[in-house]
Each structure stands twice: as C-alpha cells, then as structure tokens.
There are 2 protein chains.
Amino acid sequence: MLIADGEGLQQFKRHQHLARAGEAQDTIYRVEAGWACRYRMLRDNRRQITALFLPGDYCEPHWLFSAEVHHPVVALTDLRVRRIPLQEIRDVPVAQYENVRSVLRAILRSLHGQSDWIVSLGRKTALERLSSLLCEIFDRLRSGDQVLDNQCAMPLTQHDLADIVGLTPVHVNRVLQVLRARGLIELSARWMRLPDPEALRKLG
Amino acid sequence: MLIADGEGLQQFKRHQHLARAGEAQDTIYRVEAGWACRYRMLRDNRRQITALFLPGDYCEPHWLFSAEVHHPVVALTDLRVRRIPLQEIRDVPVAQYENVRSVLRAILRSLHGQSDWIVSLGRKTALERLSSLLCEIFDRLRSGDQVLDNQCAMPLTQHDLADIVGLTPVHVNRVLQVLRARGLIELSARWMRLPDPEALRKLG
DNA sequence: CGGAAGCTTGATATAAGTCAAGATCCGTGG
DNA sequence: CCACGGATCTTGACTTATATCAAGCTTCCG
C-alpha cells in the first residue's frame, strides 16, 4: 500500500488517501511531487475541496497542534511526500524553534488562503472564480520555481476544478472555453500556459 | 472616537472599524459584548464576510504571529471588547504558556470554521446555507451560555446574513420565510428562537 | 485495440438575482 | 410625545447564471 524509505519518503497513487476523517495523525507531510487536496463530501455526493497542496507545501501543518483529522486528504495525482514526524519538530532544542515557526507560517498562509476562497465562492462569478484559481495556482507554482516560460503543470481534471470553485464540471468546461477564446489561457495535456497572467489576474 | 478604560476595555459603535486592511496590530481583542466580523469588499460593492466574532471570541488571534491585517474588521453592532496587547502574551514566563496555547486553539478553530464555510458556499443550497449558519450561531452562543429556552440574540440584518452566505438580501428574506413557514425558526426584534434545533441542523 | 475516464456540445430546467414599489420599524429632533 | 426620515423588511414580475440531462467525441492507459 505504502512505499516508504529511509529518508521518510512515501508514495501515494492518485485517489489514495493520506488521511481519513477521525484519524489521529502523528506526522505532517511536505509535498515533494504531485498534488493533493483536503475535501469534504456531503450526503448526495456533492464534494467540495477546501485546500490544495502543491509541491513544496506542508500538508496540514495544523496537525502539529491538533492531531485530529477533520477533513480527509487525498492525492489528486500520483504523489511523493516526505513524512515529518511531529515528535521530530517538538523535540527540537528551543534554540532551533525555526521549524515550529515555519509550520506556523504555513498555518497562517492557509488561513489567509481560505479567506480568499470564501470571498471567491461567496461573491465571484464563475469566470472570476476560475480566473483567480488559475492565477493562484500559477503564482504558487512560480514561487516554487515550477513555472517556465509562463507554462506550468495543470494535472487537475475539470471535475476537480469544479469541486474547488463550487461549480458543475459542464459549466467549468464552458467557462474555460471562454478564457481560451479570449486568449487568456492555453490548456493541453496537463499543462497550462498563461500568455498574459496580469490580464487574467485582473478578472479576479 | 474610542473610549478606553483602565482595564483595557474599549467600545466601538456599529459600523466602526476595529482594524483596517494594511495596518499593523499590536493587540488582539476579546469580545465582551456585541458582534463583529471580518470582511472583504470587491470593486463593485460586493461584500463577503469571512468571519464572525461573537461574545467570548478572540478577535483575530492570528495577529499574535503575523501582525499585518489582511482583511478589515468592523463592528456589526455596538461593541465592547477587551484589548489584549500582544506583548502581554509574549512576555509571559515560559511556564505559563497557557495563554499562547489558548490563542493557538482559537486559530485552529477559525481554520476549521472557515473550511466549513467554504463547503457551505461551494456546495450548499440557499436553504442549507442559512440553516447551517443559524445553527452555527446558535451553537456558538450556547457554548457561551447565551442561549436560554432555545432563544438567542440575532442582531444581524438580512443584508448582513446575505453577505455571510453569499446570497442577495431579497433571497435571504424569502428563504427565511420558508424556514418560518416550516416552523423551524422564529425571528423578531433581534432575537431568534429555534423550536427544534436538531431539525434545523439536519438541513445543513 | 478496447474501454473507461475525461472532454465537448446542445436543449432545457431551476435557483438565485435584479428591479421596483410599498410596508414597517425605529431612532432622532422638535 | 409626536412627526419625520432613513433603514430594514416584504412582495411581485421578470431576467440571468448556472445546473441538469443526454449524447457523442477524444484521449490515454492497460
């Protein structure tokens, strides 16, 4: 099921869970390659994704302070992560609190990111939601040097996108076509190019 | 403008800001009486509320770790808060970290609460959103012993409600009438009664 | 090469928004 | 204490964004 190694590396296949609701975690992760998300399911199969984890991100840094898993975390693509046992962080000598600080910063980032998603879902139009999501992804990948020539990975399914922006896959499809028609995005085979990131950002 | 006193108490009038975007805060607040919220405004006057602060809540506990204000905070009613200077928390002897811990718990609570709002905004129907919001308020007030006989304060305007659940004031009005018609809520003069909280919760 | 997963498209349905007017509540000043 | 005016709530008619259903198409992986 899991392939671990001496360095704390671990692999998950697409759709495999890193954490299920109700579990207690004794470790957080850092994403090395691939994408994951936190989500919640309602009775009738409606799914809403509440956080996205890209390479370089901590996955659920808040587990450091509250081990209980509220929402499940699942791999959106094949995934390679590094386990960071909580004990390892806690046991560090006080002088080296830098680890804790960096986890804390990650928690604040996610708090802030979630507020933005609330604004997006509550008050933005479909076009605006998708534009700002794509920009967010682009920016986050760029800050990890994963953008070259305005191109970056885009392994999400239109269905995944729909579950982030709170729309229907069909509608996501139509909106993406509008963005394409306006020359704001180019999508193909899991890659995305933003010819003019600023123009796209202005839509959000 | 502000009326402070020796105990660190401070009053705000409805619609007065506790914090504006871009400021740096040297204090967090604890709400003593009245309600406040964090929000964000888009160009064309669309407003989305991203957090609600009720009596007993810390207001923006994360300022302890990152002083910069991203989203403004405003009083939704006349408000009485107690200032908790950040230095006061930081300077505490290591043995008494309980203060920091409680602020941290508040941060995690708000992280978790925000995820729920994302789910609500992304995937729930108007009826479900309002039901679960009213339940949330009811539960939070109850945990502070502010519910008596299934009744609690409800000083929010239908316009405020709309800005929380991402709907139009007109539509909020209609949905509230449905809930009234079904005997699930009773609203009058800033008070709310939930004859059957469980039934209401089941809608969310 | 076959089949499932994902994408595209069209026709139609529905939830929620917009606009507009009237009714009600409520604090304020005279 | 009353009268006024603004904020809030209510209601109706109509519009629009997004969802639903359904079918065909394309891609990709085993």
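The sequence lines fix the lettering, A, B, ..., with proteins before strands; numbering per chain opens at 1.
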- [ ] For the side chain of T125(B), starting at C-beta, report the closest nucleotide among dC28(D), dG17(C), dA15(C).
- [x] dA15(C)
- [ ] Please determine, for the side chain of H171(A), which listed nucleotide (dT11(D), dA16(C), dA19(D)) has the closest atom?
- [x] dA19(D)
Task: Listed nucleotide nearest any side-chain atom of N173(B), set dG17(C), dT11(D), dT9(C) - done: dT11(D)
Open item on the list: Let's test your reading of the model: under 3.5 Å, does the base of dT8(D) pair with the side chain of R190(B) as donor and acceptor?
Closed with: no
Task: Shortest non-hydrogen contact from Q48(A) toward G166(A) - done: OE1-CA, 3.8 Å
TODO: When you get a sec, tell me which of dA19(D), dT10(D), dG17(C) is the closest nucleotide to the side chain of Q158(B)?
DONE: dT10(D)
Open item on the list: Whether R109(B) and D57(B) form a salt bridge (side-chain N of Lys/Arg under 4.0 Å from carboxylate O of Asp/Glu) is what I want to check.
Closed with: no
- [ ] Remember a base hit wins even if backbone is also touched, and classify R180(B) as base, sugar-phosphate or nothing at under 4.0 Å, heavy atoms.
- [x] sugar-phosphate
Task: Closest nucleotide among dG6(C), dT18(C), dT8(D) to the T157(B) side chain - done: dT8(D)
Task: Distance below 4.0 Å between Q177(A) side-chain N/O and dT9(C) OP1 or OP2 - done: yes
Open item on the list: Tell me whether the side-chain N/O atoms of R14(A) come closer than 4.0 Å to OP1 or OP2 in dG6(C).
Closed with: yes
Task: Nucleotide nearest V170(A) (side chain, heavy atoms from C-beta), chosen from dT20(D), dG6(C), dA20(C) - done: dT20(D)
Open item on the list: Is it the case that the ring center of H62(B) lies less than 6.0 angstrom away from the ring center of H112(A)?
Closed with: no
Task: NZ/NE/NH1/NH2 to OD/OE distance under 4.0 Å, D163(B) and R47(B) - done: yes
TODO: Could you tell me whether T168(B) contacts a base, only the sugar-phosphate backbone, or nothing, with contacts defined as non-hydrogen atoms closer than 4.0 Å?
DONE: base
